[in-house]
S.K.: 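Here's a structure for you.
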Amino acid sequence: MKTFKRIAAGILSTALLLGMTSCATTKQTEAAPAAASFTTVESGKLIMATNAFFPPYEYYEGEKIVGIDAEIASAVANKLGLELVIEDVEFDSIIAGVQGGKYDIGCAGMTVTEDRLKSVNFSTPYATGIQSIIVTTDSEIKDIDTLLDGSYKVGVQSGTTGDIYMSDTPDNGGVGEDRVERFSKGNDAVIALTSGKIDAVVIDNEPAKAFVAANEGLKILETPYTVEDYAMAINKDNVALNDAINQALKELTDDGTIPGIVNKYIPAEG
Ligand code: ARG
């Protein structure tokens with residue numbers, strides 16, 4: 001349990017540092033004349049990669065992808081005079097796609113981690129996420145310690161921080177590869193849990209709440225949580241776009257747009 005918390009604290013402090021660095025960068029941008037010198041993958045467009053089964057950050061309403069990330073990215077694109085194009089892809093292909101120049105941003109409730117920072121840069125964090133554990137209401141699993149000590153099978157979305165933590169060895173706060181089942185969508189992990197194929201799902205708190213509300217017989221454990229920062233992944237070479245996005249995020253935070261979007265989807269946190 002200690003390790004579980006320690007990893008999270010590491011990520012958080014990295015994100016805080018990143019936030020501070022980003023603020024410094026933003027100031028420089030402000031001082032300079034507002035030259036829109038950034039380029040995007042396709043001129044006039046902001047191509048966002050996401051994995052749209054992650055309510056309330058991104059999910060389908062009919063044919064349309066809506067949610068906190070979709071709305072924040074749309075507001076950012078508007079500020080930058082770009083048309084937002086959302087591509088729904090496998091979560092674990094987003095970083096590589098941003099790094100390879102296929103997408104301008106990865107915006108998917110994506111946690112800033114040291115490992116990901118080796119491949120991409122991140123914008124200023126715009127939201128906070130928490131890893132939580134979903135079990136069936138009659139489960140013997142009472143907390144993270146029971147989950148780690150037992151021989152329980154844990155479902156995760158492939159390539160997510162839940163996957164990374166849980167796949168780690170027990171002395172590093174995970175349950176180890178053998179006990180982890182990976183799913184391409186968080187909801188598929190939840191379906192496996194309801195049908196008794198696995199014993200728990202580790203996933204971000206807000207989607208966890210949405211999945212628990214949509215399925216009978218599930219609950220979220222009140223257990224020590226990890227706190228993470230969500231930010232947009234951006235190609236390391238596109239510093240100008242990164243700066244422009246940070247500036248847009250700052251303005252949209254200051255004028256209440258981003259808090260308003262978050263409030264609309266997560267009223268309790270308002
Ligand atoms: N916050 C977690 C991570 O970055 C999970 C994100 C999953 N996002 C999604 N749109 N499916 O690894």
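For ligands, and for the atoms within them, numbers begin at 1 and follow the listed sequence. Hydrogens, waters and symmetry mates play no part in the numbers below; they use all other heavy atoms, side chains included.
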S.K.: T169 and D171: side-chain donor and acceptor closer than 3.5 Å?
M.R.: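 The answer is yes; a qualifying pair exists.
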
S.K.: Could you tell me which residues satisfy side chain to side chain donor-acceptor pair (under 3.5 Å) with T50, sequence neighbours excluded, listed by chain and number?
M.R.: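 Partners of T50 under the side chain to side chain donor-acceptor pair (under 3.5 Å) test: E58.
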
S.K.: Check this for me: K153, atom NZ, are more than 12 non-hydrogen atoms of other residues, nucleotides or ligands nearer than 6.0 Å?
M.R.: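 Yes.
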
S.K.: Write down, by chain and number, every protein residue that brings a non-hydrogen atom to less than 4.0 Å from an atom of ligand 1.
M.R.: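 Near ligand 1, by chain and number: N51, F54, E58, F91, A108, G109, M110, T111, R116, Q157, T160, T161, D204, E228, Y230.
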
S.K.: Can you tell me if E206 and Y265 form a side-chain donor-acceptor pair at under 3.5 Å?
M.R.: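 Short answer, no.
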
S.K.: Judged by modelled atom types alone, do T161 and Q131 share a side-chain donor-acceptor pair under 3.5 Å?
M.R.: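 Q131 and T161 do have a side-chain donor-acceptor pair below 3.5 Å.
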
S.K.: Is it true that D69 and Y126 share a donor-acceptor pair across their side chains at a distance under 3.5 Å?
M.R.: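 Checked: Y126/D69 side chains pair up, N/O donor to acceptor below 3.5 Å.
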
